[in-house]
Amino acid sequence: RAVILGLPFDCGTHPTRVGARLGPASIREQSLLLRPYDGDSGVNPLHALGVVDLGDAHVFPGETERSFEGIERAVAQATQAGAIPISFGGDGAIALPQMRVLARRHPGLCVVHIDAHTDAYPIEGHNNATPFARAFEEGLVETRRSFHIGLRRSHMTPGVYDYGRQLGYNLVSMAALIERGVAATFAQVRETVGKRPVYLCFDMDFFDPSVAPGVCTPAWGGATAREGLEVIAAMSGLEVAAIDINTISPPHDVGGMSAFLAATVAFEFLTMMATGRLSAGLLAGG
């Protein structure tokens, strides 16, 4: 019902922080600190969902288009039997090839993007700042039913938020999320998205650098670990097509704590999926 897929690619364009290509290996390593049973439900989501790790997509450092093709092939293989892929990045650029495959498989695809940045910047090309701009141009997602949540702090170009809204995306700043509350914010998300398929893209810089220092583009004022896990729980009920956990940069991590948190995010998503399917009678047991 769910598969793990590593997407070990980053564009290498950041002036000071390159290393997200090492993220999948680090997340897997730190996942050894987790235990298989959820304390609240008693469910073992790996068993309940029959989770399989498919390994890594075949990518090529410094070759973006060729790597995107490799990612598309891997995601297509991961989804061909109906499983939900849980991908480990990689920088934010890996969202675009995933959306290309998901849009073909799931008409009406929406995005719920948890991130300090929109990744829909008014600039050309393929990099960490453009996948959702290119997704709009390629007609891959229903932008007016899609969200970027957790936005904050400095940008490398002006007019980023205005541009995102021009593309049709719903933007929710970190300040607005805190003011309105997680429950109210995601009630709006569920109402807007409805039963449409959703690509959940979770950029680890949504978290504050105090708890996730090892990310591509850290930004102060982010979520605590507890708040981030609360956000995951609030996404229960969405029709998940794929989950992407990205931008872990091991060269900038401290004791692997960011990768450990990313592995925990994956476990929480898997638990949410497993308990949801069990309550709906879609799985035989935990």
Side-chain angles (χ1 to χ4, degrees), residues 14 17 89 91-92 95 110-123 127-133 135-136 141-193 198-238 243-249 252 257-258 261-262 264-265 268-269 272:
H14 195 283
R17 294 174 77 94
D91 70 12
C110 300
V111 168
V112 176
H113 179 216
I114 310 299
D115 195 341
H117 315 90
T118 64
D119 290 357
Y121 281 44
I123 56 178
N127 57 58
N128 201 29
T130 62
F132 294 103
F136 166 80
V141 299
E142 291 195 19
T143 57
R144 297 196 180 281
R145 297 185 183 275
S146 297
F147 289 80
H148 301 280
I149 299 172
L151 311 176
R152 61 189 188 276
R153 301 311 178 202
S154 58
H155 300 136
M156 62 182 177
T157 186
V160 171
Y161 294 163
D162 288 341
Y163 183 69
R165 293 187 183 98
Q166 288 173 17
L167 300 184
Y169 291 109
N170 297 282
L171 273 53
V172 180
S173 70
M174 193 70 197
L177 175 62
I178 292 171
E179 180 180 356
R180 294 169 57 189
V182 170
T185 299
F186 282 90
Q188 179 193 357
V189 171
R190 284 192 296 273
E191 181 179 356
T192 303
V193 171
V198 177
Y199 166 53
L200 295 180
C201 184
F202 200 107
D203 189 312
M204 288 297 294
D205 69 25
F206 172 70
F207 290 103
D208 194 78
S210 60
V211 295
V215 297
C216 293
T217 48
W220 289 104
T224 66
R226 181 180 297 173
E227 290 166 341
L229 299 181
E230 181 185 356
V231 162
I232 295 171
M235 288 191 269
S236 177
L238 293 174
I243 297 169
D244 175 16
I245 303 166
N246 60 52
T247 72
I248 289 295
S249 183
H252 307 97
M257 61 186 291
S258 310
L261 182 54
T264 303
V265 167
E268 293 295 322
F269 273 127
M272 179 184 75

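One-based numbering along the sequence shown. This structure is a prediction, so every number in the text was calculated from the model and none was measured. As a basis for the values below, the full set of heavy atoms in this structure was taken, side chains included, without hydrogen atoms, waters or symmetry mates.
The main-chain N or O of Pro218 is never found under 3.5 Å from a side-chain atom of Arg153 such that the two would form a donor-acceptor pair. Proximity of a side-chain donor or acceptor of Asp205 to a complementary backbone N or O of Ala116 within less than 3.5 Å is detected. Using modelled atom types, no side-chain atom of Asp115 and backbone atom of Ile149 make a donor-acceptor pair closer than 3.5 Å. Within the 3.5 Å criterion, the main-chain N or O of Asp203 finds no donor-acceptor partner in the side chain of Thr247. A donor-acceptor distance shorter than 3.5 angstrom exists from the side chain of Asn128 to the backbone of Gly92, with no hydrogens or angles considered. Looking at Asn170, its side chain does come within 3.5 Å of a backbone N or O of Ser146 through a donor-acceptor pair. Panel note: side chain Arg152, backbone Ala219; a donor-acceptor pair is recorded below 3.5 Å. Although no hydrogens or angles enter the test, the distance criterion places a donor-acceptor pair under 3.5 Å between the side chain of Tyr169 and the main chain of Phe132. Of the possible polar contacts, one joining the Arg145 side chain to the Thr192 backbone as a donor-acceptor pair under 3.5 Å is found. In this structure, the side chain of Ser173 engages the main chain of Ala176 through a donor-acceptor pair within 3.5 Å.
Evaluated for a side chain to side chain contact (heavy atoms under 4.5 Å, CB included) with Phe202, the options Val112, Ile243, Ile232 yield exactly one hit, Ile232. With respect to His113, the side chain to side chain contact (heavy atoms under 4.5 Å, CB included) criterion is satisfied by exactly one of Asp119, Val141, Leu200: Asp119.
Here the OG1 atom belonging to Thr185 is positioned 10.5 Å from the CZ atom belonging to Arg190, to the nearest 0.5 angstrom.
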